[in-house]
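Report on one structure; see the data block that follows.
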Amino acid sequence: EIELSDITLEFFKHDISDKKQVAVMCSSGTDSTILLYLTALRFPDRKILPYHIEESQYPKQKPALIKNINLLNEKLPNSNLLPLLSDYVDYCRIGSEWRLKAKEEPGDLPPRPNGNEGQAKILANRHYIRQRFNDGSFDYLVSGTTSNPPKEVLEELGCPYEERRSNRKAPRIFSNHYDPFYHIHKGHIAELWKKYDIMDLFDNTITCIEYREEIEKPCKVCYFCSEKKWAFGKYDGCKTKCRLMDKIG
């Protein structure tokens with residue numbers, strides 16, 4: 001049990017002793033970074049596998065992630081993180097395999113003439129995760145999806161309220177998958193970062209959804225930047241390009 005300001009986070013209180021290879025779904029963001037550290041800390045007697053689905057439009061995520069994996073290993077008493085395992089996917093490009101599949105299988109997201117990009121990402125992620133389970137790369141997967149901040153915070157940030165990402169009461173626990181942060185928000189994630197003293201890794205994280213190559217700063221406008229600034233009191237320090245920067249100067 002991890003005590004936070006207004007919640008007690010129960011972390012891996014269920015038994016996974018029968019699982020031989022535990023993987024943690026990693027981007028280069030703050031949620032998955034602390035999740036990777038806590039999982040490795042929770043199971044010092046086994047190797048923990050960082051797993052990353054590399055997205056074609058975000059080439060800087062993987063190098064940033066590898067850097068933080070190495071730094072986390074230095075902090076861990078047993079240095080039990082394995083090297084990064086990754087799969088590459090191109091779901092953003094119109095006409096790509098996953099955009100076409102999204103046209104055929106629109107799911108719950110609004111259909112788009114060229115396939116919904118969000119649905120394309122969902123379908124691609126499911127495919128590669130299923131493939132890794134089938135080939136034995138891992139038999140248990142932990143992911144760091146979080147809830148929205150409180151409604152009043154969303155209003156202050158000018159961000160839309162989403163019922164599906166709000167009012168969650170508990171983590172999600174399945175036979176081969178665990179979402180321990182499902183019911184907590186970015187403010188709690190910031191508490192965890194400070195509680196476990198890993199803030200020196202913060203500037204390596206990338207959260208801005210709009211970043212690209214040339215303009216080297218977070219946009220400070222998108223939902224992810226706004227949420228991160230609210231929780232941590234600052235934006236990440238990664239040098240990134242953002243499509244919105246031309247609009248805001």
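Position 1 is the first residue of the sequence; numbering continues from there.
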Would you sort out whether Glu191 and Ser5 count as a side-chain hydrogen bond (donor to acceptor under 3.5 Å, both in side chains), showing the intermediate values?
CA-CA 8 Å; Glu191 283 191 69; Ser5 59; 2.7 Å; yes

Could you go through Asn73 and Leu76, starting from their C-alpha distance and side-chain angles, then the distance that decides it, and tell me whether this counts as side-chain contact (heavy atoms from CB on, under 4.5 Å)?
CA-CA 5 Å; Asn73 247 332; Leu76 289 162; 4.1 Å; yes

Checking His185 now: which residues fulfil ring-ring contact (aromatic ring centres under 6.0 Å, His included) with it, not counting sequence neighbours?
His188, Trp230

Mind checking whether Leu9 and Leu192 have side chains closer than 4.5 Å, heavy atoms only?
yes

Please give me the minimum heavy-atom distance between Thr33 and Ile198, naming the atom from each residue.
CG2-CD1, 4.4 Å

When rounded to the nearest 0.5 angstrom, what distance separates CD in Glu156 from OG in Ser226?
10.5 Å

Might you work through the salt bridge (charged side-chain N to carboxylate O under 4.0 Å, His left out) test for Lys13 and Glu1, ending with a clear yes or no?
CA-CA 8 Å; Lys13 294 198 76 174; Glu1 294 183 351; 3.1 Å; yes

So, Gln131 versus Asp135: side-chain donor-acceptor pair below 3.5 Å or not?
no

Mind running side-chain contact (heavy atoms from CB on, under 4.5 Å) on Arg132 and Asp87 for me, showing each step along the way?
CA-CA 10 Å; Arg132 288 299 182 177; Asp87 288 304; 2.9 Å; yes

Sequence neighbours left out, what passes ring-ring contact (aromatic ring centres under 6.0 Å, His included) with Phe12? Give chain and number order.
His14, Phe43, Tyr178

Backbone of Val22 reached by a side-chain donor or acceptor of Arg46 within 3.5 Å
no

All pairs passing ring pair (Phe, Tyr, Trp, His ring centres under 6.0 Å) where residues 98-123 contributes a residue, at least two apart
Trp98-His127

Without swapping roles, check the side chain of Asp139 against the backbone of Gln21 for a donor-acceptor pair under 3.5 Å.
yes

Would you check if Arg99 and Arg93 make a side-chain contact, meaning some heavy-atom pair closer than 4.5 Å?
no

Do the non-hydrogen side-chain atoms of Ser56 and Val89 ever get within less than 4.5 Å of each other?
no

In this structure, CG of Leu36 is separated from CG of Leu81 (nearest 0.5 Å) by 4.5 Å

If you define the side chain from C-beta out and look only at heavy atoms, does anything of His52 sit under 4.5 Å from Gln61?
yes

When you look at Lys194 and Asp197, which way does the salt bridge (charged side-chain N to carboxylate O under 4.0 Å, His left out) test go after all the steps?
CA-CA 5 Å; Lys194 293 164 186 173; Asp197 193 23; over 6 Å; no

Can you see which heavy atom on Ile48 is nearest to which on Ala40, and at what distance?
CG1-CA, 3.7 Å

Distance col, row Lys186:NZ vs Ser147:OG, nearest 0.5 angstrom, shows 11.5 Å

Heavy-atom nearest pair, Pro44 first then Leu41, reads CD-O, 3.5 Å

Can Leu157 be reached from Ile189 by stepping across I, L, V, M, F, W or Y side chains whose heavy atoms are under 4.5 Å apart?
no

Gap between atom NZ of Lys234 and atom NZ of Lys220 - 0.5 Å precision
12.5 Å

Say whether, by atom type as modelled, one donor and one acceptor occur between the side chain of Ser32 and the main chain of Gly144 under 3.5 angstrom.
no

Please name the pair of heavy atoms, one in Pro180 and one in Val142, separated by the smallest distance, quoted to 0.1 Å.
CD-CG1, 3.8 Å

Can you list the residues that meet the salt bridge (Lys or Arg N to Asp or Glu O under 4.0 Å) rule with Glu54, with sequence neighbours excluded?
Lys62

So do the side chains of Pro111 and Asn116 get within less than 4.5 Å of each other, counting heavy atoms only?
no

Do any N or O atoms from the side chain of Asp15 and from the backbone of Ser17 form a donor-acceptor pair under 3.5 angstrom?
yes

The reported gap from CD1 in Ile129 to OG in Ser143 (rounded to nearest 0.5 angstrom) is 7.5 Å

Is it the case that one hydrophobic cluster holds both Leu82 and Met25, taking links as side-chain heavy atoms less than 4.5 Å apart, direct or via other members?
yes

What I'd like to find out is whether the side chain of Leu71 reaches to under 4.5 Å of the side chain of Asn204, using heavy atoms alone.
yes

Distance-minimising heavy-atom pair for Phe133 and Asn176:
CZ-O, 3.5 Å

Determine, step by step, whether Asn148 and Tyr223 satisfy the side-chain hydrogen bond (donor to acceptor under 3.5 Å, both in side chains) criterion, reporting the C-alpha distance in whole Å, the side-chain angles of both residues, the deciding distance to 0.1 Å, and the verdict.
CA-CA 11 Å; Asn148 267 335; Tyr223 167 76; 2.7 Å; yes

How long is the straight-line distance from NE2 of His177 back to OH of Tyr140, given to the nearest 0.5 Å?
8.0 Å

Could you list all the ring pair (Phe, Tyr, Trp, His ring centres under 6.0 Å) pairs where at least one residue sits in residues 60-89, not counting sequence neighbours?
none

Hey, mind stepping through Phe11 and Thr39 against side-chain contact (heavy atoms from CB on, under 4.5 Å) and telling me if it holds?
CA-CA 9 Å; Phe11 190 73; Thr39 304; 3.7 Å; yes

Whether the Tyr235 and Asp203 side chains hold a donor-acceptor pair (N or O, under 3.5 Å, no angle test) is what I'd like checked.
no

Side chains of Val24 and Leu49, heavy atoms from C-beta outward: is any pair under 4.5 Å?
no

Going hydrophobic residue to hydrophobic residue with side-chain gaps under 4.5 angstrom, can you get from Leu72 over to Met199?
yes

So which atom in Ile69 and which in Pro50 form the shortest heavy-atom distance, rounded to 0.1 Å?
CD1-CB, 3.6 Å

Under 4.5 Å between any side-chain heavy atoms of Ile2 and Thr8, yes or no?
no

Plane angle bin for Phe202 and Trp193 - parallel if under 30°, tilted between 30 and 60°, otherwise perpendicular:
perpendicular

State plainly whether one hydrophobic cluster holds both Ile184 and Val153, where clusters connect Ile, Leu, Val, Met, Phe, Trp and Tyr through side-chain heavy atoms under 4.5 angstrom apart.
no

Chi angles and distances behind the side-chain contact (heavy atoms from CB on, under 4.5 Å) call for Cys159, Leu154
CA-CA 5 Å; Cys159 298; Leu154 292 174; 4.0 Å; yes

Counting only heavy atoms not in Asp6, do more than 12 fall under 6.0 Å of its CG?
yes

In the hydrophobic clustering (ILVMFWY, side-chain contacts below 4.5 Å, transitive), which residues join Leu109, or is it alone?
Ile122

Are Lys75 and Asp200 within salt-bridge range, i.e. N to O under 4.0 Å?
yes

Please tell me whether Leu123 and Ile94 are part of a single hydrophobic cluster in this structure, the criterion being side-chain heavy atoms less than 4.5 Å apart.
no

Without hydrogens or angle criteria, can the side chains of Tyr91 and Glu55 be said to hold a donor-acceptor pair below 3.5 Å?
yes

